[in-house]
K.L.:
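Sharing a structure here in structure tokens format.
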Amino acid sequence: RPYLGAEGDFVSSKISGSVFSAAGGAMGAFAGIERMIWRRFSVGLDVGPYVFVLHERTTGVSQSNFDLVANAYILFHLF
């Protein structure tokens with residue numbers, strides 16, 4: 001069955017042993033399809049455009065990127 005959705009996330013990055021530290025957000029929308037393969041298992045795939053915005057704390061540099069994100073999954077249904 002097909003589905004649509006939207007997502008917003010907090011994103012952070014830090015390198016061990018370094019002063020580099022960045023944080024920001026990601027927002028996107030996606031469309032996908034899911035199919036039951038057994039009674040309690042389904043598989044799916046979704047894809048959509050996302051915008052990532054990061055701000056590096058030490059230098060104050062900000063960067064934004066536009067990416068196409070794809071996800072594949074196997075899902076176990078409890079109920």
K.L.:
Starting from Phe76, can I reach Val43 by hopping between I/L/V/M/F/W/Y residues whose side chains sit under 4.5 Å apart?
P.N.:
yes
K.L.:
To check you understand the geometry: which heavy-atom pair defines the closest contact between Leu68 and Pro49, and what is its length?
P.N.:
CD1-N, 3.8 Å
K.L.:
To the closest 0.5 Å, what do you measure between CG (Asn65) and CZ (Phe52)?
P.N.:
8.5 Å
K.L.:
For Leu54 versus Gly24, what's the shortest heavy-atom pair and its separation?
P.N.:
CD2-N, 3.8 Å
K.L.:
When the ring planes of Tyr3 and Tyr73 are compared, do they come out parallel, tilted or perpendicular, using 30° and 60° as the limits?
P.N.:
tilted
K.L.:
At their closest point, which heavy atom of Gly25 faces which heavy atom of Val11, and how far apart are they?
P.N.:
C-CG2, 4.1 Å
K.L.:
What's the shortest heavy-atom distance between Ala23 and Phe10, and which atoms?
P.N.:
CB-CZ, 3.9 Å
K.L.:
Heavy-atom count check: over 12 atoms from other residues, nucleotides or ligands less than 6.0 Å from Ile37 CD1?
P.N.:
yes
K.L.:
For the atom pair OG (Ser12) and NE2 (His55), what is the distance rounded to the nearest 0.5 Å?
P.N.:
14.0 Å
K.L.:
Can you list everything that forms a side-chain contact (heavy atoms from CB on, under 4.5 Å) with Met36? Sequence neighbours excluded, please.
P.N.:
Ser42, His77
K.L.:
What's the spacing between Met27 CE and Tyr50 OH if we round to 0.5 Å?
P.N.:
11.0 Å
K.L.:
Mind checking whether Phe66 and Val53 sit in one hydrophobic cluster, side chains of I, L, V, M, F, W, Y counted as touching below 4.5 Å?
P.N.:
yes
K.L.:
Check for me, please, whether Phe79 and Trp38 land in the same ILVMFWY cluster - side-chain distances under 4.5 Å, paths through other members count.
P.N.:
yes
K.L.:
Could you tell me the separation between the CD atom of Glu7 and the CG atom of Asp46, rounded to the nearest 0.5 Å?
P.N.:
8.5 Å
K.L.:
If you compare all heavy atoms of Phe20 against all heavy atoms of Ser13, which two are closest, and at what distance to 0.1 Å?
P.N.:
CE2-OG, 3.8 Å
K.L.:
Same cluster or not: are Ile33 and Val69 linked, directly or through other Ile, Leu, Val, Met, Phe, Trp or Tyr residues, by side-chain heavy atoms under 4.5 angstrom apart?
P.N.:
no
K.L.:
Under the side chain to side chain donor-acceptor pair (under 3.5 Å) test, which residues partner Thr59, sequence neighbours left out?
P.N.:
Glu56
